[in-house]
Amino acid sequence: MTGIRFREGQPSDRDAILELRAAVFPDLDQEKQKADFWQWEFADSYAGPARIFIAVAPDDRIAGHIAFVPQRYSVAARTVNGALAVDAMVHPQHRRQNVFSRLTSFAASEIGHDFALVTA
């Protein structure tokens, strides 16, 4: 658990995130392991680019990931900016170390002022 740090992800993290997905979900949703799908889901969202958050292990590999894809919700006859939480994952080597809860806490503190609501 020690040495894990948290930061907002960048487009340059794409390949490492895709490697993490392959390690976590090797036989699930193969199309989500491709760069063009990542581009569509996270960079070219209809409501704007996703906010991506990652946990970085001491060896600089990505140990965890969660993203928030912008959405527009209708609440009480008005449109509000929100987000859909997607692609939550932790590398098998870092499970049971509170990486996920610490990552989501970090992400929540970073996006709290950007979105009126978040769904998963």
Quiz item: Would Phe53 and Leu103 satisfy side chain to side chain contact (heavy atoms under 4.5 Å, CB included), going step by step from the backbone distance to the final call?
Solution: CA-CA 7 Å; Phe53 297 91; Leu103 176 59; 4.0 Å; yes

Quiz item: Is Lys34 paired with Asp36 through a side-chain N to carboxylate O contact shorter than 4.0 Å?
Solution: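 No salt bridge links Asp36 with Lys34.
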
Which atom pair, heavy atoms only, marks the closest approach of [X] to [Y]?
| X | Y | value |
| --- | --- | --- |
| Ser101 | Asn98 | OG-O, 3.3 Å |
| Arg21 | Met89 | CA-SD, 3.6 Å |
| Arg14 | Trp38 | CG-CD2, 3.3 Å |
| Glu110 | His113 | O-CE1, 3.3 Å |
| Phe115 | Gly82 | CD2-O, 3.2 Å |

Side chains of [X] and [Y], heavy atoms from C-beta outward: is any pair under 4.5 Å?
| X | Y | answer |
| --- | --- | --- |
| Arg102 | Ile4 | yes |
| Val90 | Arg96 | no |
| Ile52 | Phe42 | yes |

Quiz prompt | Point-to-point distance, once rounded to the nearest 0.5 Å, from NE2 of His91 to CZ of Arg61 | solution =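 Reported value, rounded in 0.5 Å steps: 7.0 Å.
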
Practice problem: Determine, using the 4.5 Å side-chain heavy-atom cutoff (strictly less than), whether Trp40 and Val86 are members of one ILVMFWY cluster. | Solution: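 Looking at the clustering, Val86 is in a separate group from Trp40.
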
Practice problem: Give the cluster check for Ile62 versus Phe37: same hydrophobic cluster or not, with ILVMFWY residues linked at side-chain heavy-atom distances below 4.5 Å. | Solution: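 No, separate clusters.
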
I'd like a table of donor-acceptor pairs (distance under 3.5 Å, sequence neighbours excluded) in which one partner is a side-chain atom from residues 64-81, with atom names and distances.
unit_1, atom_1, unit_2, atom_2, d
His65, ND1, Asp87, O, 2.8
Tyr73, OH, Ala83, O, 3.4
Tyr73, OH, Thr119, OG1, 2.7

Self-check item: From CA spacing to verdict: side chain to side chain contact (heavy atoms under 4.5 Å, CB included), Glu8, Asp13
Solution: CA-CA 10 Å; Glu8 188 152 0; Asp13 293 315; over 6 Å; no

Quiz prompt | Residue pair Asp15, Ile17: steps toward the side chain to side chain contact (heavy atoms under 4.5 Å, CB included) verdict | solution = CA-CA 5 Å; Asp15 292 344; Ile17 293 167; over 6 Å; no

Quiz item: What residues, two or more places apart in sequence or in another chain, satisfy side-chain contact (heavy atoms from CB on, under 4.5 Å) together with Pro92?
Solution: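 Checked Pro92 against side-chain contact (heavy atoms from CB on, under 4.5 Å); matches are Val24, Arg95.
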
